[in-house]
Amino acid sequence: MPDSAPSAAKTPRVRFAPSPTGFLHVGSARTFIFNWLYARHNHGTMVLRLDDTDLERNTEASVQSIFEGLRWLGLDWDEEYKQSSRLDLHRRQAEAIFAKGLAYRDFTPAHAGDDNQSSAQGAWLFNPGMREMSREESDRRAASGEPFALRYRVPRDQGRNLSFTDGVYGEQSKPADEVEDFALLRSDSFPTYHLASCADDADLGITHIIRGQDHLTNTFKHLLIFEGLGVQPPQFAHLPLLVAPDGAKLSKRKHGAVVSVTTYRDAGFLPQAFVNFLCLLGWSPKDDREFLSLDELTAAFTLEGVNRANAVINFTDADPFDPKAVWLNAEHIRALPVDELAPLLGPFFSRGGFETTPEKVLAVTPLIRERIKLLRDAVSAADFFFLPQLAPYDPAELIPQKGDAAMALRVLQHALEVLPAINFDHDSLDQALRAAASHMGLKAGQAFQPIRVAVCGRKNAPPLFETMAVLGRDVCLARIRQAEASLQSLAV
RNA sequence: GUCCCCGUCGUCUAGCCCGGCCUAGGACACCGCCCUUUCACGGCGAUAACACGGGUUCAAAUCCCGUCGGGGACGCCA
């Protein structure tokens, strides 16, 4: 087993430890990203550890979906572990703590229902009669097969104070006697999260634990476990929570698919844009930069830049994505070279049922790059390039501003005369159609609109000449003829 | 209930530690104007915040106290 000790060198070892009980959600993704950034910024090691000690709730599907999400983010890790295959270590460690007298057996039957007794009437500290039970009686009852949980014997006499310096929240301390005798082993002998997590962190030589602020108060228990293990506790840094617009912690149950990383991927977010966005939630480079590449993020990332207040991630039923995330995505799309963007667009067209070729998509990409915010927008922005037959549209759309059907008809008929004779490239089309406009005494805008609608099937479209060049002469002529016909039927 | 954390434009944030340069900066969104063959991009501009109340100080977003508000943790879940 890689018992790789932290070694004398001070290179940090950080870990991301998701529990596979659902899809990878955005809060977890951000925790992963911050750990990754910290590791890479400091030339340290990134450890991925599946905290899968909850047999009832773990599923293989969820393991897959977490890996899927992580892979999409495009951030790597250096070592990988699974808690479920390290149970022996956990039990040994619990045993060691027990042997030191720092834990005791609790024979109180496990709570059946989910109604907990501690919430209403103050803090529960331990079950009477168990903490003080003699070792002889404890051994005897254990030997007779009576089930028990192993609890930490939290020091509560000498006015101990537990304290640590959080990398984000600063000095934290709490009297030890306010901490309850938390469980280390359950009565089925499986380790609890607290034990498994700390035992692994100690064994894996984790130097910095960067995790959500919901663990801030749990840290005091973890301090005790590290002490029981006889090791120096790692550095802690807690991240402000990501919260929903209503202020509550993001949850899979309450908020559904909008908190799943794959939802962003499927909608056509670029992983680098998504990472960029998540970084801006609770962290800032403090120099007004917002559009940052992965390298820039890595270079700029420090724990000092992390905020303490929770960050709202905006979404509604109608619009599941935070407008700033969408904006950043559009920025990253525009920053991408055409030959890198085009292959990313292809799958969205295929999924939309369009027949495409990589060459055609490549030709279309520069025309829509500035017009899409999500990759999936490409489909609606460029459908007419791939449609063999334009969807029916209102012929009235063909009529230009301050014009009438007759004017539109004239423009189209003139185009039909001019187009067969010229080259179908941008400059030739530009020249020919502008000349046609002035010949008819029309403004360029007036003359182009009927053609644009005829060729694209709608008013809003990419620039006309480039579009026609990509479409090709045959398609353009056919569509203009069709428009001419529909206009004539309108006039009747 | 107990303990802990947080509180600058609607949202993400800079400034706070080391008071004065803050008539509080940037960004998104929204609105307006410009550019322009439509849309988009781009440019310019407008609206918009120091939770509240007390101190300390010549001076407070920045320091102290309190109030209120929000969040989190209190499991043989993680």
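Every chain is numbered from 1 and lettered A, B, ... according to where its sequence line falls, protein lines coming before strand lines. Computed from a predicted model, the values in this text were never measured in an experiment.
- Heavy atoms of A:Gly282 sit under 4.0 angstrom from primed sugar atoms or phosphate atoms, though from no base atom.
- Using a 4.0 Å cut-off, some side-chain N or O of A:Asn307 falls inside it from OP1 or OP2 of B:A14.
- Between the side chain of A:Ser187 and the base of B:C76, at least one donor-acceptor pair of N or O atoms lies under 3.5 Å.
- The gap from the C1' atom of B:A59 to that of B:C21 amounts to 13 Å, rounded to the nearest Å.
- A salt bridge does not link A:Arg131 to A:Asp106: none of the charged side-chain nitrogens sits closer than 4.0 Å to a carboxylate oxygen.
- In this model, the phosphate group of B:C76 is approached by a side-chain N or O of A:Arg151 to a distance below 4.0 Å at OP1 or OP2.
- Side chain of A:Ser284, nearest nucleotide from B:G71, B:G25, B:A14: B:A14.
- A:Asp322 has its CG atom 9 Å from the P atom of B:C12, to the nearest Å.
- Atom CG in A:Asp214 sits roughly 15 Å away from atom P in B:C6 (whole-Å rounding).
- Contacts of A:Leu464 with the nucleic acid, taken as non-hydrogen atoms under 4.0 Å apart, include base atoms.
- An OP1 or OP2 oxygen of B:G42 is reached within less than 4.0 angstrom by a side-chain nitrogen or oxygen of A:Arg334.
- You'll find the ring centres of A:Phe277 and A:Tyr264 outside the 6.0 Å limit.
- Taking the ring axis of A:Phe16 as reference, the NZ or CZ atom of A:Arg211 does not stay both within 45° of it and closer than 6.0 Å to the ring centre.
- Side chain of A:Asn460, nearest nucleotide from B:C39, B:G72, B:C28: B:C39.
- A:Pro463 comes within 4.0 angstrom of a base, heavy atoms only.
- The distance between atom CD of A:Gln172 and atom P of B:C4, rounded to the nearest whole Å, is 10 Å.
- Judged by distance alone with a 3.5 Å cut-off, a donor-acceptor contact links the side chain of A:Arg371 to the base of B:C39.
- Contact between the side-chain N/O atoms of A:Thr21 and the OP1/OP2 oxygens of B:C77 is not found at any separation under 4.0 Å.
- For A:Lys174 against B:C3, no side-chain N or O and base N or O form a donor-acceptor pair under 3.5 Å.
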Only pairs under 3.5 Å count here: list side-chain donor-acceptor contacts from residues 244-251 of chain A, not counting sequence neighbours, and write none if there are none.
from: A:Asp246; atom 1: OD1; to: A:Ala248; atom 2: N; distance (Å): 2.9
from: A:Lys249; atom 1: NZ; to: A:Asp214; atom 2: OD2; distance (Å): 3.1
from: A:Ser251; atom 1: OG; to: A:Lys254; atom 2: N; distance (Å): 2.9

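- The interatomic distance linking A:Arg452 (CZ) with B:U37 (P) rounds to 10 Å, in whole Å.
- Out of B:U37, B:G72, B:C12, the shortest distance to the side chain of A:Phe465 is found at B:U37.
- At a cut-off of 3.5 angstrom, the base of B:A14 holds no donor-acceptor pair with the side chain of A:Lys286.
- Contact between the side-chain N/O atoms of A:Arg186 and the OP1/OP2 oxygens of B:A78 is found at a separation under 4.0 Å.
- Among the protein residues, A:Pro147 comes within range of no part of the nucleic acid, since none of its heavy atoms lies under 4.0 Å from any strand.
- Side chain A:Glu290 to base B:G26: a donor-acceptor pair is found below 3.5 Å.
- Taking atom NZ of A:Lys402 as the reference point, atom P of B:U37 lies 14 Å away to the nearest angstrom.
- Proximity of A:Lys221 to the phosphate of B:A73: no side-chain N or O atom is located under 4.0 Å from OP1 or OP2.
- For the pair A:Arg49 and A:Tyr81, the NZ or CZ position fails the cation-pi test of under 6.0 Å to the six-membered ring centre and within 45 degrees of the ring normal.
- Atom CD of A:Glu178 and atom P of B:G1 are 16 Å apart (whole Å).
- Atoms CZ (A:Arg308) and C1' (B:A14) sit 14 Å apart, rounded to a whole Å.
- One interatomic measurement links the two molecules: NE2 of A:His215 to C1' of B:G71, which rounds to 16 Å at whole-angstrom precision.
- Closest to the A:Leu216 side chain, of the nucleotides B:C76, B:C5, B:G7, is B:C5.
- Checked for salt-bridge contact, A:Arg289 and A:Asp287 meet the test: a charged N lies under 4.0 Å from a carboxylate O.
- Looking at A:Asp181 and A:Tyr104, their side chains do bring a donor and an acceptor atom within 3.5 Å of each other.
- Nucleotide B:C31 forms a Watson-Crick or G-U wobble pair with B:G45, both donor-acceptor distances falling under 3.5 Å.
- Residue A:Phe277 is classed as having no contact, given no heavy-atom separation below 4.0 Å to the nucleic acid.
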